[in-house]
Amino acid sequence: MKHVIDGLEVASADGRTFEVRNPATGALVERVAEGGATEVARAVDAAQQAFDDGRWSKLPVSQRYRILNRFAQSIEDSLPSLSTLESTCTGRPLREMSAQLSRLPEFYRYFAAVARTAEDSLTPFEGPYLSYVRRVPLGVVGQITPWNHPLLILTKKLAPALAAGNTVVVKPSEYTPLTTLQLAKIALEAGIPPGVFNVVAGFGGEAGRALSSHAGLAKLDLTGGTETGRVVAQTAGANLVRVNCELGGKAPVIVLPDADLEKAAGGAIFAAFIATGQTCIAGARILVHESQAQDLIERMVARAVSLRMGDPLLAETQLGPLVSERQLQRTEEYVAIGIKEGAEIECGGKRATSGALGQGFFYEPTIFADVRSSMRIAQDEIFGPVTCVLTYKDLDEAVRIANDIPFGLGASIWTSDAAKGIKLSERINCGVVWINDHHRIDPSLPWGGMKASGMGREAGIEGYREYTQTKSVVVNLDEPVDWYATTKTLRLS
Ligand code: TXE
């Protein structure tokens with residue numbers, strides 16, 4: 001597959017390509033053009049040209065609305081093939097990918113509607129003035145996306161960016177660029193003009209670096225690891241490019257003593273092992289009252305060991321492989337660290353190698369007990385199928401442990417008393433708190449982290465606004481004052 005730049009499929013100038021492999025089998029899926037500074041520069045130029053000539057940014061919003069709705073419909077029509085390709089490249093079960101991608105069209109329709117219904121404001125400016133504030137697009141936006149939810153994460157950024165009238169250059173993850181390239185072609189067919197949505201495939205250290213250091217961007221939006229966020233924010237910041245970062249996380253799942261333990265165990269397993277634990281809001285710290293720990297652990301273990309691991313494309317598969325050998329090694333290293341730190345493995349703890357599983361990057365769902373909050377397995381983002389159970393004595397201790405982490409993206413609270421859950425949510429320092437659920441998203445829900453989980457918000461009205469900037473216009477309704485021709489004391493309002 002080739003880059004999509006200015007509406008054309010283009011190879012890299014130097015002809016380089018790289019392999020995309022299936023993490024469940026190791027088989028080659030496709031070779032993809034490997035871009036670098038040359039392709040990024042070409043894509044940014046195309047996006048700048050498209051922005052400046054107004055083929056998208058100056059279209060009446062009613063027309064952008066119609067085209068984005070057509071794009072949403074085309075995505076809906078392509079869901080079976082997109083889901084299969086996404087599952088093949090990420091290793092995530094087709095059931096998960098189909099459920100996740102079925103949400104994409106909503107995001108484009110939602111943001112098209114937000115743009116279509118957006119109202120500008122009139123400010124109470126003192127004096128004989130009419131002053132109004134418009135929201136205008138930013139310009140060329142760079143978006144760097146990861147491999148765990150390639151199209152969903154892209155869509156949270158792309159839908160508001162396009163709806164607001166920006167033009168975009170995307171650098172998808174080197175592990176999973178295929179569906180993003182496919183999406184760019186669908187966009188063209190749906191009537192999004194050439195140059196508006198460009199994709200350069202390639203590696204973070206080269207294509208990603210070239211995009212994040214390009215001075216022509218108006219904004220850079222990254223989802224990735226916290227270390228990548230620090231590097232990218234510095235590079236883009238040096239060019240005064242505004243930065244949005246959605247970074248790591250390690251979500252606490254707080255089980256209150258009044259919770260239905262069976263439901264909480266189901267919720268904890270879902271929180272921890274969906275996407276084989278490779279999500280920024282993975283339930284990686286399960287907090288339970290010390291008197292109920294054994295009971296909850298037994299229920300969680302019973303569920304974890306019964307998860308069906310296997311070929312992601314089979315309908316019955318519940319747990320796929322990790323995305324890469326690197327993520328597998330990282331998981332193995334952290335499990336070894338956990339054992340060394342004195343935590344107890346309740347289930348899992350090793351690579352799955354039986355039968356065909358040995359060819360892929362499969363790892364058994366792993367539950368650690370006897371974990372202290374200070375241990376590295378409880379502090380670092382592992383991004384694999386590993387969760388830790390920690391105990392608390394009272395609510396204050398539960399809050400302390402929940403917040404005792406550099407991250408602050410998501411958390412869930414399990415209780416039979418919603419009021420208790422709401423009160424507790426006020427005390428948890430993170431961007432989203434679910435009560436009796438986990439992992440739920442909506443186009444209308446602002447998404448983003450506190451602390452080391454990032455800066456800025458995606459989605460919702462707030463996410464849309466972050467893809468716009470204000471332009472204030474002040475109209476003098478009287479005769480202009482001739483400032484130097486009068487000696488009267490005048491106010492500059
Ligand atoms: O992500 P990277 P990696 C976390 C998770 C995981 C760890 C490493 O803990 O184990 O990060 O994963 C691009 N300049 N998350 O290394 O590298 C890269 O090409 C510009 C959490 O795979 O952060 C890809 O497109 N771009 C996370 C994107 O950044 C660079 C999702 C993310 O890759 C770059 C993924 C550079 N210097 C990993 N280096 C989440 N929050 O969901 C890399 N990239």
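Indexing begins at 1, ligand by ligand and atom by atom, following the structure's order.
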Quick one: does [X] get an N or O within less than 3.5 Å of an N or O on ligand 1?
X	result
Gly204	yes
Tyr175	no
Asn148	yes
Thr223	no

Does this structure show an ion pair linking [X] with [Y], if we count only N-O contacts that are shorter than 4.0 Å?
X	Y	result
Asp404	Arg400	no
Arg16	Glu34	yes
Glu9	Lys185	yes
Asp437	Arg440	yes
Lys157	Glu458	yes
Arg103	Glu106	yes
Glu227	Arg230	yes

List every atom of ligand 1 that sits less than 4.0 Å from any heavy atom of [X], numbering the atoms from 1 in the order shown and giving each element.
X	value
Leu222	29 (O)
Thr145	24 (C), 25 (O), 28 (C)
Gln327	6 (C), 10 (O), 12 (O)
Thr228	2 (P), 17 (O), 23 (O), 29 (O), 30 (C), 34 (C), 39 (N), 43 (C), 44 (N)
Val232	14 (N), 20 (C)
Pro146	31 (C), 35 (C)

Could you find the nearest protein heavy atom to atom 26 (N) of ligand 1 and give me its residue, atom name and distance?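 For atom 26 (N) of ligand 1, the nearest protein heavy atom comes out as Gly208 CA, 3.6 Å.
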Nearest protein heavy atom to atom 40 (C) of ligand 1, by residue and atom, and its distance? Cys280 CB, 3.6 Å
Report the part of Glu174 (side chain from C-beta onward, or backbone N, CA, C, O) that has a heavy atom under 4.0 Å from ligand 1; answer both or neither where that applies.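 Only the side chain of Glu174 comes within reach of ligand 1.
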Which bit of Arg330 is near ligand 1, meaning a heavy atom under 4.0 Å away: side chain, backbone, both or neither?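 Side chain only; the backbone of Arg330 stays clear of ligand 1.
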Can you label the angle between the His439 ring and the Phe270 ring as parallel, tilted or perpendicular, going by 30° and 60°? perpendicular
Would you say the ring centers of Trp56 and Phe197 fall short of 6.0 Å from each other? no
Taking atom CZ of Arg303 as the centre, report whether more than 12 heavy atoms of other residues, nucleotides or ligands fall under 6.0 Å from it.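 Count over threshold, so yes.
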Checking the side chain of Asp6 only, and the main-chain atoms of Leu8 only, is there a donor and an acceptor separated by less than 3.5 Å? no
Under the 4.0 Å line, does any protein heavy atom show up next to atom 29 (O) of ligand 1? yes
Looking only at non-hydrogen atoms, the one of Gly454, Ala275, Gly205, Gly225 nearest atom 38 (C) of ligand 1 is Gly225
Closest by any non-hydrogen atom to atom 41 (N) of ligand 1: pick that one out of Leu247, Thr226, Asp380. Leu247
Between ligand 1 and Glu227, can you find any atom pair, the residue atom being a heavy atom, that is separated by under 4.0 Å?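 It does not; every heavy atom stays at 4.0 Å or beyond.
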In this structure, does ligand 1 have an atom that sits under 4.0 Å from one of the heavy atoms of Arg326?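 Arg326: in contact with ligand 1 (<4.0 Å).
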Side chains of Gln379 and Ser373 in contact at under 4.5 Å (non-hydrogen atoms):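 Heavy-atom side-chain distance check passes, below 4.5 Å.
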